[in-house]
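Below is one structure, written out as structure tokens; comments come after it.
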Amino acid sequence: MENMLKQELFVTVSHCGANGVMTADRLLEFFQDMASRHGEGLGVGLDSMTARNRFWLTVRSRARIFRAPRLGETVTGATWPAAPGLLRCDRYYTVTGADGSLLADGRTEWAVFDTEAGRVTSPKGIFPEGLEYRTDTAGGGAFEKLPTDFA
């Protein structure tokens with residue numbers, strides 16, 4: 001079973017700021033839209049998870065932009081999940097230009113929330129049996145630690 005989704009995106013004016021390049025929030029939306037579409041294809045989308053009294057929680061995200069996509073440019077996004085851990089799992093993303101150059105990449109850490117129990121539960125067994133997990137990663141190293149003192 002294919003464990004990667006690739007999707008083209010034509011960068012429109014609604015994706016861009018006043019400078020004509022894709023904004024960071026639109027890039028993160030593209031990541032999330034790809035994850036949702038891929039999840040539906042893997043049987044872990046909204047309807048499937050709701051039927052199991054579960055939903056996905058975004059724990060944290062990290063994106064690196066090497067060159068923001070420009071207005072009128074067609075880019076290719078790719079996303080794939082890593083093997084689930086004990087309580088969380090990662091999903092990776094890349095965005096490449098027409099020439100194959102890496103424009104951006106990212107990583108999101110997810111958890112599964114059990115709506116009946118009212119708590120986070122293990123993601124093991126959520127994905128289809130026999131799914132082959134990729135070992136390549138994207139989005140850089142460890143997530144940043146935020147200071148707890150915001151004074």
Side-chain angles (χ1 to χ4, degrees), residues 1-12 14-16 21-69 74-97 100-151:
M1 176 180 292
E2 181 60 37
N3 192 17
M4 176 185 275
L5 174 114
K6 288 189 177 183
Q7 179 177 331
E8 284 193 349
L9 175 72
F10 179 74
V11 181
T12 65
S14 65
H15 298 126
C16 298
V21 299
M22 182 180 267
T23 59
D25 62 318
R26 288 302 192 150
L27 178 67
L28 290 173
E29 286 175 7
F30 182 41
F31 287 172
Q32 190 167 358
D33 289 346
M34 285 191 298
S36 176
R37 183 172 174 212
H38 192 217
E40 291 295 333
L42 293 175
V44 294
L46 179 63
D47 292 339
S48 173
M49 294 293 279
T50 300
R52 294 188 264 177
N53 298 308
R54 306 281 193 272
F55 72 87
W56 290 105
L57 292 173
T58 302
V59 177
R60 52 190 168 178
S61 292
R62 174 187 172 106
R64 300 184 302 174
I65 302 171
F66 305 106
R67 180 184 68 76
T74 298
V75 297
T76 302
T79 184
W80 63 98
L86 182 62
L87 285 176
R88 298 180 182 174
C89 47
D90 286 336
R91 177 172 279 278
Y92 300 102
Y93 312 88
T94 60
V95 177
T96 55
S101 62
L102 182 63
L103 304 181
D105 69 359
R107 173 179 156 214
T108 300
E109 187 177 68
W110 298 83
V112 176
F113 190 80
D114 181 327
T115 58
E116 287 183 328
R119 63 180 171 77
V120 171
T121 188
S122 175
K124 292 188 185 264
I126 290 290
F127 290 105
E129 193 172 316
L131 182 67
E132 294 182 25
Y133 294 101
R134 301 170 60 91
T135 58
D136 48 332
T137 64
F143 287 105
E144 300 294 325
K145 300 280 187 196
L146 294 176
T148 56
D149 181 9
F150 295 107

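Values below: every heavy atom of this structure, side chains too, minus hydrogens, waters and symmetry copies.
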Sub-4.5 Å side-chain heavy-atom contact between [X] and [Y]:
{"X": "T108", "Y": "W110", "answer": "yes"}
{"X": "P81", "Y": "F127", "answer": "yes"}
{"X": "R60", "Y": "R88", "answer": "yes"}

Looking at every heavy atom in both [X] and [Y], which two are closest together, and how far apart are they?
{"X": "G106", "Y": "F31", "result": "CA-CE1, 3.9 Å"}
{"X": "S122", "Y": "G85", "result": "OG-O, 4.4 Å"}
{"X": "E40", "Y": "G45", "result": "OE2-CA, 3.3 Å"}
{"X": "A82", "Y": "C89", "result": "O-CB, 4.5 Å"}
{"X": "F113", "Y": "G118", "result": "CZ-C, 3.4 Å"}

Between atom [atom1] of [X] and atom [atom2] of [Y], what is the distance when rounded to the nearest 0.5 Å?
{"X": "T23", "Y": "I65", "atom1": "OG1", "atom2": "CD1", "value": "8.5 Å"}
{"X": "L42", "Y": "R37", "atom1": "CG", "atom2": "CZ", "value": "12.0 Å"}
{"X": "R62", "Y": "D90", "atom1": "CZ", "atom2": "CG", "value": "12.0 Å"}
{"X": "T121", "Y": "L87", "atom1": "OG1", "atom2": "CG", "value": "8.0 Å"}
{"X": "M4", "Y": "Y92", "atom1": "CE", "atom2": "OH", "value": "12.0 Å"}

Okay, side chain of [X], backbone of [Y]: is any donor-acceptor separation there less than 3.5 Å?
{"X": "R54", "Y": "V112", "value": "no"}
{"X": "W80", "Y": "D136", "value": "yes"}
{"X": "H15", "Y": "T12", "value": "yes"}
{"X": "N53", "Y": "T115", "value": "no"}
{"X": "T79", "Y": "A35", "value": "no"}
{"X": "T94", "Y": "D105", "value": "no"}
{"X": "W56", "Y": "V44", "value": "yes"}

All ring pair (Phe, Tyr, Trp, His ring centres under 6.0 Å) counterparts of F10, not counting sequence neighbours: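 Listed in chain order: nothing, the list is empty.
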With F30 via ring pair (Phe, Tyr, Trp, His ring centres under 6.0 Å) - residues at least two apart: none
Run the numbers on I126 and R52 for side chain to side chain contact (heavy atoms under 4.5 Å, CB included), then give the verdict. CA-CA 10 Å; I126 290 290; R52 294 188 264 177; 4.1 Å; yes
Taking atom types as modelled, is there a side-chain donor on R107 or T137 under 3.5 Å from an acceptor on the other? no
Applying salt bridge (charged side-chain N to carboxylate O under 4.0 Å, His left out), run through R26 and E29 and close with a yes or a no. CA-CA 5 Å; R26 288 302 192 150; E29 286 175 7; 3.1 Å; yes
By the definition side-chain contact (heavy atoms from CB on, under 4.5 Å), identify the one residue from R67, M22, R64 that meets it with L103.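 It is R67; the other options fail the test.
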